[in-house]
Enquirer: 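Quick one: this structure, given as structure tokens, is what I'll be asking you about.
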2 protein chains.
Amino acid sequence: MHKPTIQDVARLAGVGVGTVSRVLNNHAAVRDSTRQSVLSAIRDLDYTPNPHARRIAGGKSYTISILLPVVTTEFYVRLLDGLESAFQEARYDVAIFPLLDRSRLERYLGSHTLAYQADGLVMATYNLTQMFTENRLRHQQPMVLVDAYAEGVDCAHMNNHLGGVMAGEFLARQEGHLYAVWVETELDQIFTSRVFEERSSGFHQALKAAGRTVSAEYVSSFDLHAARSAATRLLDCAQFPAVVFASADLLAGALLDEAQARGLTIGQDLKVLGFDDQPWAQARGLSTLHQPVEAMAYEAATLLLSRLAGYRGPPRVRTFEPRLVLRSSTGPGS
Amino acid sequence: MHKPTIQDVARLAGVGVGTVSRVLNNHAAVRDSTRQSVLSAIRDLDYTPNPHARRIAGGKSYTISILLPVVTTEFYVRLLDGLESAFQEARYDVAIFPLLDRSRLERYLGSHTLAYQADGLVMATYNLTQMFTENRLRHQQPMVLVDAYAEGVDCAHMNNHLGGVMAGEFLARQEGHLYAVWVETELDQIFTSRVFEERSSGFHQALKAAGRTVSAEYVSSFDLHAARSAATRLLDCAQFPAVVFASADLLAGALLDEAQARGLTIGQDLKVLGFDDQPWAQARGLSTLHQPVEAMAYEAATLLLSRLAGYRGPPRVRTFEPRLVLRSSTGPGS
DNA sequence: TTGTATGCGTTATCAT
DNA sequence: ATGATAACGCATACAA
């Protein structure tokens, strides 16, 4: 009772292995009647091709490696959803490599490791520019960056600068003192992305254009404790009415918590705009910038698939734009 | 400039491919001098065997699949560390499959998918009993459960019942009103583990033995917002001095936060015992139950490796015990 | 102890 | 359009 092979299918269908392989890979040159009999044989035996043998013989394993940081946030769950659905449609398998720390990154980069045996590579949210310039990344197979940008590779990324501009333009129209909370990016970390720098630059650009200035800015690391502490610091010193751009919903949520604990009226004393549109944002009435994460991920997958299908053109860049979602946390204002 | 193969190594070392294969697989019957020359050829060419070819030829790919829920928490990071270090020592590669939802589980269980092409399987924290009895899991390759238990398979798991007992026995000796906070387990979820039920049963057993009763119990889902809300509810109605068993450090941390916000003296008005010993627990003075997660994971890997090495004996169960770590959150008490 | 030949499951290149 | 058959990179049985 071994796993059925292409031989078994060929025998049952009464054809040669070549023909079976042809229907498996959609090599048009096969009569429709024989195709049907092969297909039914495949069904009968519950046959699935051995990816290892495929890789050896044809150079393809129909497997994609996805390298991403820890899957902590909703963001990565959505990212994976978009990626996996696209690859699944194309009948590609997916292996996920969570890069929890630098040593794991080094390990996976070891060019012999499993991740590099895949047909293609998806890298998420790394600041890979350095690694490219240092030529540390010798990828023999096609690759795509998602939620990240680097020269010379296909990229699908979010226009975080624009997101900052949108936040700035909207908040500039609100009355009150302006504040901002940013996420701290550790400089020595490979995992550092530039998204918050970009949001910040867009935000300041828009404010400058509107002739407004920020009263104070705060920085927090990306966890709830730090976020709460930043919220406390902000509200301790803030003048009201206060208008705050929290560059991540996590930060905005903590601000809402702390404000409620102090009995502030949200949307009035304090207006808060987040960034992410996390699932709970709607329930809490948080105005925020929604990111089309699934669409971005799907597009990234599509870019990679086109390379796997033989596309040889220059690197392509797909940019996605956040969308302003207004709820009660910024008040009833238009 | 193709990737070097076993042929290239053989040629450079001036031996046959069989010999190279033998040194690769530690088949003792090879003279030490030739072994050395082969080894140096391998180094010179930076050769690494192709796992797909190995799988085809010898039936082994030297790859382990790890199936786990989310990689969100500190617990799983530590688990992965223990697992990966053990497998790495044995020169096995690791592919991680985060099963974020049920559909992904179904997909990976598709018996043809990549996860099932590995030499061995590690499953973490699932309540797999059902799936085994329903015979939904047709695993042809060896497998081990970590942080979970089921009949008929090798398991390495934490004695959560004992942890509950230890918590109960310790807290029963404290003066004040007793409270507990549990983590909500969704019944229809495959991902539901039984750890909190077990902690609860141990806790109540110890309390009963000590002749004490719980004033009130609370339930929270496993996120910081819910935890904070549970803390609020608890402290709103609690009588002081209060003694609380928070069945996860996440819950305990939120309780500490809320208590501090209310100006309570921790360790006196309110005593808190957590469960997990997260990295921040020491800094915050949280008394808690430390789990030897890495050791458990390492042992799980060892069990699996022994199967891969040919062990055919009956299923083995390895149980690990939490350790009570007393800090300031439970006061100066002995 | 070591080299050679065969087979693993598949794709690709031939013929036909 | 389809059936043989040669690779692919490796492990292994067999021969030397």
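Just so it is clear: chains get the letters A, B, ... in the order the sequence lines come, proteins before strands, and each one is counted from 1.
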Enquirer: Give a yes or no answer on whether the side chain of A:Arg307 reaches the backbone of A:Gly313 with a donor-acceptor pair at less than 3.5 Å.
Expert: yes

Enquirer: Reckon B:Ser21 touches a base, only the sugar-phosphate, or nothing at all at heavy-atom distances under 4.0 Å?
Expert: base

Enquirer: Separation of B:Arg55 atom CZ from D:dG9 atom C1', in whole Å?
Expert: 16 Å

Enquirer: Which heavy atom of B:Tyr47 sits nearest to which heavy atom of B:Pro4, and what is that distance?
Expert: CD1-O, 3.2 Å

Enquirer: Let me know the distance between CG of B:Asp8 and P of D:dC8, rounded to the nearest Å.
Expert: 11 Å

Enquirer: A:Tyr298 and A:Glu89: side-chain donor and acceptor closer than 3.5 Å?
Expert: yes

Enquirer: For C:dT10, does OP1 or OP2 lie under 4.0 Å from any side-chain N or O of A:Asn50?
Expert: no

Enquirer: Return the value, rounded to whole Å, for the distance between atom OH of B:Tyr62 and atom P of D:dC10.
Expert: 13 Å

Enquirer: What is the distance, rounded to the nearest whole Å, between atom NE2 of B:His52 and atom P of D:dA7?
Expert: 23 Å

Enquirer: Report the nucleotide, chosen from D:dT2, C:dA5, C:dT10, that has the shortest atom-to-atom distance to any side-chain atom of A:Val30.
Expert: D:dT2

Enquirer: Any salt bridge between B:Asp8 and B:Arg11, counting N to O under 4.0 Å?
Expert: yes

Enquirer: Which residue, B:Ala57 or B:Asp32, contacts DNA chain C at a nucleotide closer to its 5' end, judged by nearest heavy atom?
Expert: B:Asp32

Enquirer: Could you give the CZ-to-P distance, from A:Arg11 to D:dG3, as a whole number of Å?
Expert: 14 Å

Enquirer: Using a distance-only criterion (donor-acceptor N/O pair, under 3.5 Å, no hydrogens), is the base of D:dG3 paired with the side chain of A:Arg22?
Expert: yes

Enquirer: So what does B:Val15 touch, heavy atoms closer than 4.0 Å: a base, only the sugar-phosphate, or nothing?
Expert: sugar-phosphate

Enquirer: Does a side-chain N or O of B:Arg54 approach OP1 or OP2 of D:dA11 to a distance below 4.0 Å, or not?
Expert: yes

Enquirer: Flag this pair as yes if the NZ/CZ of A:Arg91 is under 6.0 angstrom from the six-membered ring centre of A:Tyr62 and inside a 45 degree cone about the axis; otherwise no.
Expert: no

Enquirer: Quick one: label B:Gln7 by what it contacts on the DNA or RNA (base, sugar-phosphate, nothing), any heavy atom closer than 4.0 Å.
Expert: nothing

Enquirer: When the axes are fitted on five pairs at both termini, how much does the helix from C:dT1-D:dA16 to C:dT16-D:dA1 curve, in 10° steps?
Expert: 50°

Enquirer: Can you tell me if the side-chain N/O atoms of B:His27 get under 4.0 Å from OP1 or OP2 in D:dT12?
Expert: yes

Enquirer: Give one of base, sugar-phosphate or nothing for B:Tyr47, where a contact means two heavy atoms less than 4.0 Å apart.
Expert: sugar-phosphate

Enquirer: Is a side-chain donor-acceptor pair under 3.5 Å present for A:Thr63 with A:Asp93?
Expert: no

Enquirer: Measure from the side-chain N and O atoms of A:Asn25 to the backbone N and O of A:His27, and report whether any donor-acceptor pair falls under 3.5 Å.
Expert: no

Enquirer: Nearest 0.5 angstrom please: A:Asp154 CG to A:Thr302 OG1, how far?
Expert: 11.0 Å

Enquirer: In whole angstrom, give the distance that lies between atom CD1 of A:Ile56 and atom P of C:dG7.
Expert: 17 Å

Enquirer: Which nucleotide, C:dA12, C:dT2, D:dT2, lies nearest any side-chain atom of A:Thr34?
Expert: D:dT2

Enquirer: Nearest of D:dT2, C:dT10, D:dG9 to any side-chain atom of A:Thr19?
Expert: D:dT2

Enquirer: Once you round it to whole Å, what is the distance between C1' of C:dG9 and NZ of A:Lys60?
Expert: 17 Å

Enquirer: Whole-Å distance between C:dT6 P and B:Ile6 CD1?
Expert: 18 Å

